[in-house]
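First the structure, in the form of structure tokens, and then the observations on it.
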Amino acid sequence: MPPKRSVKRLPNLNDQKGGGVIRPTSSSSFRTSFLHMAGLALLDALALWLVYSLLGNGAGTAGILVLVVTGLVNWVFLSDRFYPIRWLTPGLVLMLLLVVYPLVFTVYVAFTNYSDGHILSKQQVVEQLQRRYFQTPDAISYQMTVYRSPEGGFLLFLQDPQGNTYTGTEEQGIQAYPVGGEPPERIGPYQKLSLAGTFQYLTELEKIQVSGEGFQVRITGPNKARQALAKYTYDPDRDLLTDNETGKIYRPVGGSFVDNEGKPLPDAPGFTAVVGLDNFRRVFSDPQIQGPFLRVFLWTVTFAGMTVLLTFSVGLLLALVLNDNRLPLRTLFRSLAIIPYTIPGFISILVWVGLLNPYYGPFSLMIKDLIGVSPDWFSNGTLTKVAILFINTWLGFPYMMLINLGALQSIPMEMYEAAELDGAGRFAKFRYLTLPLLLISVGPLLIGAFAFNFNNFTVIDLVNEGGPPIVGTSTPAGQTDILISYTYRLAFAGGRGADFGLASTIAIFIFLIVASLTAFNFRFTRQLEEVMR
Amino acid sequence: MTSISETGQTKASRKEKIGLRLFRSARQAARFNLFLKLLIAILAALFALYPVAWIFSAALSPSNSLVNSRLIPVGASAANFVRLWSDPRHPFLLWMWNSIKVSSLTAIITVSLCALAAFSFSRFRYRGRRSGLLAILLIQLFPNTLAIVALFLLLQQIGKVPGFAWLGLNTLGGIILIYSGGALGFNTWLMKGFFDSIPKELDESALIDGASWAQAFVYVILPLVRPILAVIGILTFIGTYSDFLVARVMLKSAENYTLAVGMTLFIRGQYTREWGVFAAAALLGALPIVLIFLLLQKQLIGGLATGAVKG
């Protein structure tokens, strides 16, 4: 007898209407809900600490993002409506912070000049400039007496030509010393130093900076100091920087302060600024960048395309061979052919680099025996490309063999029988039956492999670090660099300085290409249908 | 008008003729064909094994140098392994341990987050479910390595926050964080598919017995989906173990290197003279992954063929 369904109403799991969402059984005990709350409170405390510190470190966007995400997490966990979302939350939070945010931030950086020399924010640069001073011939000079505290701090006792006295420390700056007169033996914890004692600390004293309002005191001798005036004044309202020494006025333009003629402020660091499409313009019109970019782009496409073609051909040939069940030791051959696939890429690539070593590498020596010369794999661009494609074919053919074997086995034998009845020969069967049927099922995976190799940093960097270098360019591009390794070199490989802005711009080009490939792939596979289930 | 049988016959006889030109009988042609296939299979096996054979021979050879190395070494010795162990310039064991730590933690985090998400997608119906699934797939199509510059700057910022230095640049925590960002993705789909195949009646009956959803998840579903958890965990482990770019960018000091970054130190400068030590390291470094693959071939290859390409 079937169980009586009416006794207890089953929760309707497939109810699409809003009201039908299964809620947690409200019988959840006090203890569990207390634990929930405690956990959430702990998380919030941590998050707020993170937000506070991020904001303090000038990472405003990241801080606000963490704040917003924390708010959403709280909402999800406090409202019953979002019960199913709770299960997704941990994964989604990580995804937001480490995938979505970096992608958005990359787009932002692509529109800035963020690079070595433009790392600081404008505020930081202004603060740095405001700490610069210059000396005028008519600067006030002081008679100075130095005091030292037991902890090693210094205090300067200063007397100007008019007889006014001041004390100066690094922390407190210059303060009037109203008592006046001759320097006392002690001021607070500070003990007066004799002239000889001052000499002893002269190197330490040269480093200390005692500033007053718009000026700084420079120590010029063991008992002498002079005033130095602030070199720059910044007017935040008009956003102008004035050079007090020359009287010139500078405006912030494109990440540096420039004068009326557009000349940048000498010896000043640049700052990060939004520069609009400048980076994109550089990619297309700066001959120093445009040339290498085009070469890199073409090689990226060639590399990915050739890799897919080569690995697919070898893999298909092998799959056809291994699909024949008359072949002896079939499983053994299959297992052996999978081996390249099982070894982590970074290891086998490095092994190949050794085997290809032009002087001692056994593989190169073997070629030398055959053709008389040992190919110089790593200093000739074309040969490096050949080496890369060769190694990548070795790495990739087992995968292609596996997927082709799977696809071959799914082609019904009746089709071949029908073709034979129609008189198709071996070649015709392959050309008109096997290959088209194979491509239908393997096609999307080929596009996937293309997209993967499009960003295959490992093989490019490990074989020859993208080299040999392209000569006559202002960017660190190599002849075998692909877009992703070019991005890496622009941003992180020292020598010519990091250019995060340009690197992010190149990354955007990769986004666009990967996106169009993906769109194409989706039309191919209808993978999306699964969502509609 | 020619009849079908006629056409068939002419074609067949023509085929026979071609066959006759080279072979005395069709059986012989088939035998030649098989011989050709065997030859290709042997060549492919040799191609696949060539570098592997060299790793073995170089690692076991008494000599450390690439110069005059032979495929069949003169005598075998563990000298290169001893050198690998004792040379402080390349703390191989530390790198290997770092790699294993990073890969297993990433695998555990990925599997846990993925299972939670798959449970939600498989068992609940709510607004935004479809678009959520779709969004996860679309976003993950852009590997976060493309945003490597932004990730570098992000870790730099996180590292400056007091108390969070262990997630900053040059830390294993930092790269685990980056790898875990990719937890939800194609894996969620694979897992959701598997969850869907577990009858809903099972968790329904648990709910009726008074279990909460959390209890139904832990005690009913999880034991049933262990196979897919294992597959995704292992695939994540392998993928993380093999990653080079993120580790290369984020890790700065040798004691924090993963094996992928550490191994590159061998090819800087002294490569030809340290060939034997390098081979010993390569052998040991590849071993865990090769073993996993060979032991779990059947289970893994299904997952691989439907999804990612291994690097």
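Since we're looking at a predicted model, the values are computed, not measured.
Counting only distance, with no hydrogens or angles, the side chain of Ser242(B) and the backbone of Pro344(A) share no donor-acceptor pair below 3.5 Å.
The candidate with the highest count of non-hydrogen atom pairs below 4.5 Å against chain B, out of Trp394(A), Phe500(A), Phe105(A), is Trp394(A). Here Leu50(A) is the residue among Thr487(A), Leu50(A), Val459(A), Val109(A) with the most heavy-atom pairs under 4.5 Å with chain B. Looking only at heavy-atom pairs under 4.5 Å with chain B, the residue among Thr106(A), Leu320(A), Ile508(A) that has the most is Thr106(A). The greatest number of non-hydrogen atom pairs below 4.5 Å with chain A, out of Ala44(B), Ala150(B), Ala30(B), Ala48(B), is found for Ala48(B).
When heavy atoms are compared at a cutoff of 4.5 Å, Phe164(B) approaches chain A solely by way of its side chain, counted from C-beta outward. Of the atoms belonging to Ile55(B), it is side-chain heavy atoms, and not backbone ones, that fall under 4.5 Å from chain A. For Ala118(B), no part lies near chain A; criterion is any non-hydrogen pair under 4.5 Å. Contact annotation for Phe119(B): only side-chain heavy atoms (C-beta onward) come within less than 4.5 Å of a heavy atom of chain A. In this structure, chain A has heavy atoms under 4.5 Å from both the backbone and the side chain of Ala260(B). At a 4.5 Å heavy-atom cutoff, the contact between Arg426(A) and chain B is made by side-chain atoms alone. If you measure heavy-atom distances from Leu283(B) to chain A, you find no contacts under 4.5 Å at all.
With sequence neighbours excluded, the residues forming a ring-ring contact (aromatic ring centres under 6.0 Å, His included) with Phe363(A) are Trp352(A), Phe390(A), Tyr50(B), listed by chain and number. A search for ring-ring contact (aromatic ring centres under 6.0 Å, His included) contacts involving Phe457(A) returns Tyr488(A), Phe244(B), not counting sequence neighbours.
Between Ala45(B) and Leu336(A), the shortest heavy-atom distance links the atoms CB-CD1, 4.0 Å. The nearest pair of heavy atoms linking Ala135(B) to Met95(A) is O-CE, 4.4 Å. Listed here is the closest heavy atom pair of Leu146(B) and Ala507(A): O-CB, 3.5 Å. Looking at every heavy atom in both residues, Ser53(A) comes nearest to Val161(B) through CB-CG1, 3.2 Å.
For Trp275(B) and Tyr360(A), the ring centers are positioned 6.0 Å apart or more.
Atom CG of Leu92(A) is separated from atom CD1 of Ile136(B) by 5.5 Å, given to the nearest 0.5 angstrom. Distance check, rounded to the nearest 0.5 Å: OH of Tyr126(B) to CG of Leu88(A) gives 4.0 Å. The OG1 atom of Thr342(A) sits 9.0 Å away from the CD1 atom of Ile238(B) when rounded to the nearest 0.5 Å. With rounding to the nearest 0.5 angstrom, the CG atom of Leu98(A) is 8.0 Å from the CG atom of Leu155(B). Between atom NZ of residue Lys37(B) and atom CG of residue Leu317(A) there is a gap of 10.0 Å, rounded to the nearest 0.5 Å.
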_Let's go through Phe266(B) and Leu350(A) carefully: what are the C-alpha distance in whole Å and the side-chain angles of both, what is the deciding distance for side chain to side chain contact (heavy atoms under 4.5 Å, CB included) to 0.1 Å, and is it a yes or a no?_
CA-CA 9 Å; Phe266(B) 286 103; Leu350(A) 292 178; over 6 Å; no

